[in-house]
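One structure below.
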Amino acid sequence: MKDTLQILFGLLGGLAVFIFGMNMMSECLQKAAGEKMKSILALLTKNPVMGVLAGALTTAVLQSSSATTVMAIGFVSAGLMNLPQSVSIILGANIGTTMTAQIIAFKISDYIYLFIFAGFAVSYLAKSEKAKNIGQTVFAFGLLFLGIETMGSVMKPLASSPFFLNMIDQVSHIPVLGVLAGTLMTLVVQSSSATIAVLQNFASQPGPDGVTSILGLAGAIPFLLGDNIGTTITALLASIGQAKDAKRTALAHCIFNLSGCLLFIWFIRPFAAVIQWISPAGPEVEVISRQIANAHTMFNLVMTIIWTPLLPYMVKIVTTIVRESARVQQPLSAPVYLDSKLTAQPAAALRLVEKETVRCGEMTNELLADIAQTVRADDEVLLNDILKKAANIRKLNEHISEYLTELFSAGIMSEEQANEAAGIMYLLSDFDRIALLCAEMTDYLKEKLEKKYKYSKEAMKDLEKSFEVIEEMYQEAFHAIISGETDREKKIRKKKEKVLELSFSMRKAHLDRVSKGKCSAKLTKPFQKMLNTLDRISNSCVNIADTVAGKTL
């Protein structure tokens, strides 16, 4: 009983160290890759072959096909990617995830502690963030192999257990049991990489003869197929509550792995023979870990080659199973692009934030246009509509800011990504300020309408002119956000000077009209308030241009 507990605790402890190391390595690789992840993600908009490549590269960086799948589901749900593109990403992700098994197959047990020490030393002593991330990646890499070594050492007694050998013999002769066992293991651990690492370690244990594997490649392949099925559950869970295309993406992932399992389960021994032929020669216990890694890669590569030209049929299958239904109209203040499941992948999450921020900016642009219209023609209905729009912008701002706070609190953004997020927060604060000022301006215009203030034609004409300049300022600033052009800042500052000149001349002209009896003195205060509000809106437009130019960071 004591020996059984030691084996169990050793296996669980080794598995915990392995998963911790793998997750830490994933986070550090993301930080080290930084904005290069955006280059990989940019491939998503290309043809299916490029989508497969992008999925493979992204998974190689993230060290998790589940993370890439969740990312693809998030992008589809946000409308940044169509269904065929997301399915091609899934195909690539299945290839990329085999990288972990290939790394594990290297025998570096003599250098584990060297990796751990070297990684710790670099991360502890390095000054630059990039060097620290590289050091932490090496440290995590060492932890990953320490977990594997721990699992391997506690599994050795199992090789001499008659009960366990008999159970393995039963499973190896009934492939379906191996598939079920592999699926169950991955469901419990929620990581196919972890369960394949356990499988590689277990298969590396020698049988009674001390030469052949306790499991053998033919016995390991069903477990491998089950692992591939089990990992699809993560995608299905991620799609719950998402849009129809997101559910279809998750379903495509399931179909890919299920179809592969149904195909390969009939050819386990021929498949094992092919893998043994292409893998390095040597005693079975020495090479089986590499054979399992190669089988994993070959399985996913063959299925990707089969399904890539059949992508339209895959799309048709999933759209037939998950049918379109009536969309529920979301309030304008609700985020369209943000997905909380992507906060663990900052490069992807920031793309969603950018899209949502642009949407918020477009809503602000509409708000300014509406305000300008009400100055030209009194319209109480439009004024009330403007107040609602301003409230929607401010509420959407809150949602985006909260999402960015989640990204910061996750602690896995690189310095460059953190600077980008801070810049977006500056933009959001100006959008929020413009919305608040527009609401204030609306109150002044409603007061003018309710109290029947009569401003002179000259005053209203100057006010319209000021609004036109501010609209131009904002559009220049907004275009700078979209294009990233920093040279627009000078144009905006010139327009700001024009607003100040107009404001000064309008104040002077108003006082002249009051002195000549052409305008009531009681209108001075509300008129001054409107001019002050216009000045403050123009300041926010300049702030937006400064943020794009990087002068506020």
Side-chain angles (χ1 to χ4, degrees), residues 78-79 327-338 352-404 424-451 453 460 463-482 492 495 499 526 529-545 547-548:
R327 288 181 176 271
V328 179
Q329 188 66 36
Q330 293 289 333
L332 288 173
S333 60
V336 172
Y337 301 105
L338 305 185
L352 301 185
V353 171
E354 287 167 6
K355 292 289 288 184
E356 201 70 67
T357 303
V358 167
R359 176 173 168 255
C360 189
E362 288 169 347
M363 289 167 66
T364 307
N365 190 30
E366 287 178 19
L367 186 67
L368 285 170
D370 287 347
I371 284 273
Q373 187 179 334
T374 56
V375 172
R376 298 186 193 102
D378 294 334
D379 188 337
E380 190 172 1
V381 174
L382 185 56
L383 287 171
N384 290 327
D385 190 46
I386 287 169
L387 287 174
K388 289 177 185 176
K389 285 184 178 179
N392 285 333
I393 290 167
R394 301 198 71 199
K395 190 67 179 175
L396 179 59
N397 247 302
E398 284 180 30
H399 286 302
I400 303 171
S401 297
E402 286 170 7
Y403 190 82
L404 283 169
I424 291 171
M425 287 190 117
Y426 275 113
L427 291 176
L428 291 170
S429 66
D430 281 303
F431 290 154
D432 186 73
R433 193 176 296 114
I434 290 172
L436 180 62
L437 292 170
C438 284
E440 287 181 11
M441 179 65 80
T442 304
D443 288 336
Y444 302 147
L445 292 170
K446 284 186 81 172
E447 183 184 8
K448 169 182 170 288
L449 193 63
E450 288 166 3
K451 294 186 178 181
Y453 291 153
M460 295 309 296
L463 202 59
E464 283 180 35
K465 193 182 291 183
S466 294
F467 261 111
E468 285 173 9
V469 177
I470 283 175
E471 273 193 274
E472 289 171 8
M473 282 182 72
Y474 181 81
Q475 284 164 7
E476 287 280 356
F478 186 63
H479 193 277
I481 295 170
I482 304 295
I492 293 168
K495 290 183 186 295
V499 170
K529 282 182 179 179
M530 282 196 281
L531 295 180
N532 288 338
T533 302
L534 283 171
D535 288 345
R536 290 162 70 192
I537 292 173
S538 67
N539 287 336
S540 288
C541 293
V542 173
N543 290 343
I544 291 169
T547 301
V548 175

Drop me the distance from [X]'s [atom1] to [Y]'s [atom2], to the nearest 0.5 angstrom.
X	Y	atom1	atom2	answer
Gln475	Glu471	CD	CD	6.0 Å
Asn397	Leu428	CG	CG	4.5 Å
Ile470	Leu534	CD1	CG	4.0 Å
Ile481	Leu427	CD1	CG	4.5 Å
Leu437	Arg536	CG	CZ	5.0 Å
Ile537	Leu367	CD1	CG	8.5 Å

Taking all heavy atoms of [X] and all of [Y], pick out the closest pair and write down the distance.
X	Y	answer
Val336	Glu356	N-OE1, 2.8 Å
Asp370	Leu382	O-CD2, 3.9 Å
Met425	Ser401	CE-O, 3.9 Å
Leu338	Ile400	CD1-CA, 3.9 Å
Ser540	Arg433	OG-CD, 3.5 Å
Ala545	Ala477	N-CB, 4.5 Å

Inset, instruction - In sequence, state the C-alpha distance, the side-chain angles, and the governing distance for Asn543 and Tyr426, and then conclude on side-chain contact (heavy atoms from CB on, under 4.5 Å). - result: CA-CA 8 Å; Asn543 290 343; Tyr426 275 113; over 6 Å; no
Legend entry - Asp385/Lys388 salt bridge by N-O under 4.0 Å criterion: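 Result for this pair is no, no salt bridge flagged.
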Legend entry - Test: Glu362 and Arg359 ion pair at under 4.0 Å: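 Salt bridge flag = no for Arg359 with Glu362.
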Counting C-beta onward and ignoring hydrogens, is there a side-chain heavy-atom pair between [X] and [Y] closer than 4.5 Å?
X	Y	result
Met473	Val542	yes
Asp443	Leu387	yes
Glu472	Glu476	no
Phe431	Leu396	no
Lys395	Asn392	no
Tyr337	Glu354	no
Thr364	Phe478	no
Cys438	Leu368	yes

Inset, instruction - Go through the steps for Ile393 and Asp432 under the test side-chain contact (heavy atoms from CB on, under 4.5 Å), then give the verdict. - result: CA-CA 7 Å; Ile393 290 167; Asp432 186 73; over 6 Å; no
